[in-house]
Every structure is written in structure tokens, then in C-alpha cells.
2 protein chains.
Amino acid sequence: MNLKQLAHMLALSQTTVSRALNGYPEVNEETRRRVMDAAKRHGYRPNPSARRLATGKTGMIGYVLPTGASVDIDPHFVEFLSGLGDYARSHELDLVLSPADADDQETTYRRIVANRQVDAVYISSPTPADRRVALVNTLGIPFIVHGRSEGLDFDYPFTDIDNEGAFHEAARLLIQLGHRRLALINGDDRETFAIHRERGVRRALAASGLELGERHVCSVAMTEENGYRATRRLLEDGDPPTAIACSSLIMALGVVRAVRDLGLSIPGDVSLIAHDDVFPWLRPENFSVPLSTTRSSIRLAGARIAERLAARISGLEEGARGEVWPVDLVVRGSVAGAPA
Amino acid sequence: MNLKQLAHMLALSQTTVSRALNGYPEVNEETRRRVMDAAKRHGYRPNPSARRLATGKTGMIGYVLPTGASVDIDPHFVEFLSGLGDYARSHELDLVLSPADADDQETTYRRIVANRQVDAVYISSPTPADRRVALVNTLGIPFIVHGRSEGLDFDYPFTDIDNEGAFHEAARLLIQLGHRRLALINGDDRETFAIHRERGVRRALAASGLELGERHVCSVAMTEENGYRATRRLLEDGDPPTAIACSSLIMALGVVRAVRDLGLSIPGDVSLIAHDDVFPWLRPENFSVPLSTTRSSIRLAGARIAERLAARISGLEEGARGEVWPVDLVVRGSVAGAPA
DNA sequence: CAAAAAAGCCAAAGCGCTTTGGAAGACTCT
DNA sequence: AGAGTCTTCCAAAGCGCTTTGGCTTTTTTG
């Protein structure tokens with residue numbers, strides 16, 4: 001059932017039927033009702049390919065997925081996706097993932113924009129002066145950045161959490177508890193979020209005349225194993241920290257294992273605070289010692305970004321507003337006063 | 001730069017240019033070369049929307065993503081995606097995720113097929129007599145099932161791993177080590193994979209005249225917390241098992257925590273084997289006691305399914321061949337002889 | 001060497017929608 | 001009543017590609 005048939009059946013022109021269906025004003029309300037009714041009754045759905053060709057609108061949002069044998073997609077991604085999908089569903093938006101060589105995403109961005117394959121894109125895990133953001137900005141497709149870049153010479157719309165504030169608070173708490181030697185087990189410090197977190201910790205330390213020792217900060221891919229290794233290195237060192245801030249729950253698993261392997265305890269020998277993106281399958285309160293966390297649902301962020309993308313597509317949102325969400329600090333059993 | 005312009009520039013008809021580009025035989029080889037060359041030089045890329053409208057081919061594969069506030073997308077999904085993306089990239093295939101109400105996926109399947117939004121779809125986590133498989137089969141769109149359904153009255157193409165064989169082997173090993181009371185902490189037993197795993201364990205037990213006690217099998221969502229709870233329940237029971245088979249590494253984290261909380265040890269008091277889908281961020285050899293696993297890379301499965309989908313789209317693969325991959329049993333420190 | 005076959009190309013008709021530029025009729029004013 | 005203004009609808013022109021059917025020109029064949 002296509003427009004032509006429907007129009008013929010109603011003894012109307014395609015123009016009128018199309019307009020009635022798309023809510024244009026120049027059509028009699030009763031006619032519109034008739035059309036709507038017939039469309040529903042016959043299950044008419046406009047062919048998206050045709051509509052795309054005519055309008056350029058696709059009803060899809062895009063994401064360039066970096067791939068490659070040595071590239072691991074972050075497990076955070078799936079939670080983010082849950083949120084995004086949740087919103088997208090209610091608006092009949094689909095998401096298209098365009099796999100790209102991790103070292104050459106530019107080609108793919110250019111392709112999806114040139115081909116008008118999607119109405120908008122989002123960018124995640126931005127780095128300082130992120131080239132993708134610059135590219136997408138000049139290409140002129142609506143977009144939202146999940147996270148922030150820094151050092152770009154233009155503004156852009158983003159939704160981020162207050163990573164600096166979160167880790168500042170976490171560090172401040174530890175300092176108040178008497179800790180003097182903090183360590184930070186961070187994610188890849190080429191990404192802005194990690195830079196912000198380190199900044200937060202440093203700022204809290206500086207406020208008390210303390211520093212983050214050079215060997216007390218490390219930046220690695222967020223796996224259990226890396227958490228373990230980093231912790232061993234920190235604690236077997238000459239000047240071990242009494243408190244650790246950690247950028248992910250998954251790494252925290254490794255931290256806990258390392259502490260135990262060394263015959264130490266949490267929080268007796270070392271306090272621990274980790275960032276929690278709120279995975280349904282791994283919860284900080286269920287660690288052997290319930291974990292204190294800085295908490296922010298990445299799923300909610302996904303939904304919010306879908307919402308903003310939809311708004312930009314339909315022209316409801318414009319400009320370059322960045323929004324920064326506060327992060328909860330949730331204190332549980334894994335922090336205590338510094339050992340004597 | 002569109003076809004018309006390119007044709008005009010070459011003083012050829014659109015027909016000829018189109019045919020030259022798409023490899024049709026009725027065009028002189030030298031002409032073809034000229035066209036190809038000019039196309040490349042001017043960066044001509046056919047507009048996909050137009051091509052879609054004319055041919056019905058989209059260059060995309062589809063996946064219906066169940067969403068909803070209470071629906072968690074499996075973290076396995078992201079690993080699968082890595083593999084899929086890896087292959088798709090090299091073939092300029094995009095993946096479109098269509099979010100759907102988890103309780104009504106049928107509407108979405110019908111929509112993407114009726115609208116010809118994708119060239120093929122894949123289905124994951126099938127259940128026995130899976131309605132999605134039946135639906136997609138009658139709708140007549142090319143598809144591959146990741147996993148298997150059972151009890152359908154037609155054949156269909158799938159790629160699955162030998163879940164029954166894997167858990168049969170695992171259980172057999174435990175039995176050989178003298179264990180008599182095995183327990184199975186399984187995934188949701190509405191899904192075929194879980195059913196197959198249970199079947200494998202039961203078959204191994206039966207071969208030695210043993211049984212899987214009713215209270216020694218549980219089927220839950222694969223979270224850390226559920227692994228913990230199940231283990232506590234099992235071990236605090238009157239008739240505790242001496243060995244546990246577990247359907248996921250994430251649950252195994254909970255198992256390990258529970259065993260420790262009870263003051264017991266692995267493998268001294270209880271042996272443990274878990275299934276490992278090969279996540280880069282959580283590896284069985286890095287558990288406090290290195291974990292024995294049944295191992296199968298879900299990422300490889302993703303790549304394989306992309307490959308088969310591509311083959312079906314281009315007509316290279318037909319029929320309903322199902323393939324079943326063997327699973328490795330990797331023995332590490334978490335298994336030992338049954339306690340006296 | 002003429003007839004038949006093959007090769008190489010083209011014009012034009014879709015694919016199914018949106019949108020431009022009117023046109024016909026109904027209403028409002030003076 | 002005639003001029004102007006809405007309201008409501010339509011015919012037709014795209015959007016950029018593929019593909020059908022046919023027309024030349026060249027090659028093959030008996």
C-alpha cells in the first residue's frame with residue numbers, strides 16, 4: 001500500500017494525502033480525519049527510502065564505532081545504549097552503528113554525512129581538542145558530545161558529568177579522614193574524563209598542601225587486570241598510599257584482589273573509592289567490603305543524549321549549550337580513617 | 001556530484017555510467033575504465049537513499065534491541081558487537097539497532113521488514129520455539145540466529161556453540177575428580193543456551209548414575225549479585241555441593257565472594273568451573289584462584305555472523321545450515337579432587 | 001558477402017515520497 | 001456586484017539512482 005494507492009482510494013491527490021498525514025495546515029480538518037482514518041485502517045506506512053530521498057531525513061541517529069582487532073569496545077557502551085534505546089524507541093528513532101577503523105574514523109564521518117545516512121550523530125569518549133568534534137562541527141550535522149573536549153576554538157553542545165567535582169569530593173573526604181598519601185588509578189589519560197578526574201584529586205590535595213605523587217597516579221585501560229597490577233605496584237612500592245581513588249568498578253575488582261593478595265585489608269590498610277557508572281550486573285554495595293563510589297548513571301546519560309539529539313533534529317534545540325551533571329558521592333564501608 | 005553530472009561530464013548516458021560502476025557486462029572495458037577513473041577522481045559516491053529506493057538494498061544489517069526500564073542489555077552484547085563491527089567495517093556494512101519494547105518486538109520486526117530498512121537481521125539469545133525466528137522466517141528476510149531455538153517446525157540458519165558439550169565435559173571432569181554433588185548456577189532457563197548447559201551437566205551425571213539435585217540448580221539473570229546469592233543458598237543448605245558449574249564469569253565473581261564470606265576455599269572446599277565468553281576486561285586466569293573455564297569467544301561469533309549475513313545478502317549462502325562450534329575446556333586452579 | 005548475432009550505448013520509465021506553483025471555490029469587504 | 005482574500009485541493013516536478021526495451025554499430029558466420 002503506497003501513497004498513490006491510498007490517494008486513489010480516497011479520491012484525493014497524493015499531495016493532499018501527504019499533507020494531511022504530515023500535519024500541514026492547508027488541509028480541511030475533516031479531510032484530514034478521513035485520510036488519517038483510512039491510513040490507519042489500511043496500515044499505510046510511508047516508505048522511508050522514498051521519504052529519505054525526498055526530504056533527506058532518515059529518522060536515524062549515527063554513531064561511528066571504532067573497531068579493529070586490538071580495539072575493545074567499552075562495556076560502558078552497552079549501558080549507554082540501553083538508555084539511548086529507551087528514549088529512541090518512544091520516538092521511532094533507530095540507531096546506526098558505522099564501524100570504522102579506529103585509526104581513521106574521519107573517512108567514516110565524512111561518508112555518513114555526505115551520504116546523509118543519519119540525521120544526527122553523537123560522539124563519546126572525547127579527547128582534548130578532539131578531531132572528531134571539530135570535523136563534525138564543520139560538516140554541519142547536528143551532534144551532541146557525550147563528555148567534553150577541551151581546547152577547541154568553538155563551542156559545541158555536550159552532556160557530561162562533573163568528573164572533576166566528583167573526584168575532588170572523593171579526595172577531600174579521604175583527606176578529611178586523615179589520609180595524606182592518595183593514589184589515583186585512572187582510565188586512559190588521553191581522554192578528557194580521566195584528565196578531569198586527576199585534576200579533581202590534585203585540587204583537593206593542593207587545598208591541604210598535599211600533592212599527588214608521580215608514582216601515585218597511573219592511567220590504564222579499565223580492566224580488572226590493570227586494576228590489580230596498578231595496585232600491586234602502588235602498595236609494594238616504598239611509599240605506599242593509604243587511600244586509592246579508582247576510575248571504574250571493573251578496575252576496583254582488581255584493586256580488591258591485589259589488596260587481599262598482599263595480606264592487607266580494606267579499609268584497615270587502604271581506603272578505596274571508585275567511580276560507579278551503575279551497571280546492573282556489578283554493584284558496589286556487593287563488594288566483599290561495600291565500596292564507596294562516585295555514582296552517575298551512564299544509562300540516564302544515554303537517554304538524555306537521545307533526547308537532545310531528537311530535539312536538535314527537529315529544530316527544538318539550537319546553540320552550543322553544554323550541560324554538566326553533578327555526581328553523587330556514596331559512602332560505604334571501603335573508606336576509613338588513615339592507619340596510624 | 002551525482003550520476004547525472006558525472007554522465008554529462010563523460011559525455012555518456014546515466015545508464016552506461018551506472019552499469020560501468022556496478023560491473024555489468026554490457027559495457028566496453030575501456031569505457032568502464034574511463035568511468036571508474038573519473039568517478040574516483042571526482043569522489044563520486046552514489047547516493048544511498050536513491051539507490052535504496054531503486055533497488056531495495058540498503059547495505060545495512062538490522063538488530064532489534066529489546067529495551068525498557070527493567071530490561072538490561074547484556075554486557076556480552078558489546079563483545080559480540082566488536083566482532084560484528086570488525087567484519088562489517090571491511091565490507092562497508094552498517095548495523096542498525098532498532099529499539100523495541102521488550103514485550104512487543106514483533107511490531108518492530110514487521111516494520112523493518114515492511115519498510116525494507118535492512119538487508120538482513122540477526123537474532124540473539126533465542127528461546128525454545130522462539131517467535132522471532134518464526135516471524136522472521138515467514139517474513140522472508142535473510143537472517144542468522146546467534147544460538148539456537150528448538151521445537152520449530154522448520155530449519156533455519158544459525159551459528160551456535162556447543163553449550164551442551166561444554167558443560168558435559170566440565171561436569172565429567174568434576175565427576176572424574178570424585179565429586180558427587182554438583183551444582184549448576186545457570187542463566188535464565190527460558191533461553192536455549194541455559195537449557196543446553198543444564199542438559200550437558202545432567203547427561204554427565206547420569207552416565208555415572210548421579211543426578212542434579214533439584215535444589216542444586218538455579219537459573220537467574222547473570223549478575224554478580226545473583227551468583228553470590230545462589231552460592232550462599234547452595235552452600236548453606238543441608239546438602240551442599242562440592243563443585244559448581246557456573247554460566248558466566250560475572251556470576252563467578254559472586255560465587256567466589258560467597259565462598260570466601262562463608263570461610264570456605266576454592267578449590268579446597270568447592271571446585272568451580274565457569275563459562276568464559278572472553279571479555280578483555282575480566283579474565284579467568286586473574287581470579288584470586290585462577291578459574292577453570294569453558295571458553296568460547298563471543299567476539300569471533302560476532303564476526304562469523306556478520307560474514308554469514310553478508311554472504312546471504314549477496315546470495316552466496318543459502319539454505320538453513322546450522323553450525324555448532326566446539327568449546328574449549330581450560331583447566332586452571334579452581335578445580336581439585338572432592339574433599340574427603 | 002549478406003544475414004545473423006553480439007557488443008555497446010541510450011532514452012525514458014520507474015522507485016514512492018515531498019513540495020512548488022497554481023487554480024477553483026467560498027468568504028469578506030466596500 | 002466586483003475586487004480581494006482565504007481555504008482547500010491538485011498536477012507535476014523533482015530527489016538520484018537502476019533497469020527495461022530498443023537502437024546502432026561492429027563482429028561473426030554459413
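Numbered from 1 within each chain, the chains take letters A, B, ... in sequence-line order.
The listed nucleotides are dG16(C), dC9(D), dT18(D); the one nearest the side chain of Thr55(B) is dT18(D). Closest to the side chain of Asn47(B), out of dC17(D), dC17(C), dC9(C), is dC17(D). Taking every side-chain heavy atom of Ser13(B) into account, dA11(C) is the closest of dT18(C), dC10(D), dA11(C). Taking only side-chain atoms of Thr15(B), from C-beta outward, the nucleotide of dA11(C), dT18(C), dC9(D) with the closest atom is dA11(C).
Ring centers of Tyr87(A) and His91(A): under 6.0 Å apart, within the cut-off. Taking the six-membered ring for Trp, Phe143(B) and Tyr109(B) have ring centres at least 6.0 Å apart.
Place Thr16(B) and Arg51(A) on DNA chain C by their nearest nucleotides, and Thr16(B) ends up nearer the 5' end. Comparing Leu53(B) and Glu26(A) along DNA chain C, the residue whose closest nucleotide (by nearest heavy atom) sits nearer the 5' end is Leu53(B).
Distance alone, capped at 3.5 Å, is enough to place a donor-acceptor pair between the Asp119(B) side chain and the Thr58(B) backbone.
The phosphate of dC15(D) has neither OP1 nor OP2 within less than 4.0 Å of any side-chain N or O from Asn2(B).
Across all strands shown, Thr31(B) has heavy atoms under 4.0 Å from sugar-phosphate atoms exclusively, and none from any base. Residue-level contact check: Ala11(A) touches the backbone only, with heavy atoms under 4.0 Å from sugar-phosphate atoms and none from bases.
Atom CD1 in Ile144(B) sits 12.5 Å away from atom CG in Asp160(B) (nearest 0.5 Å).
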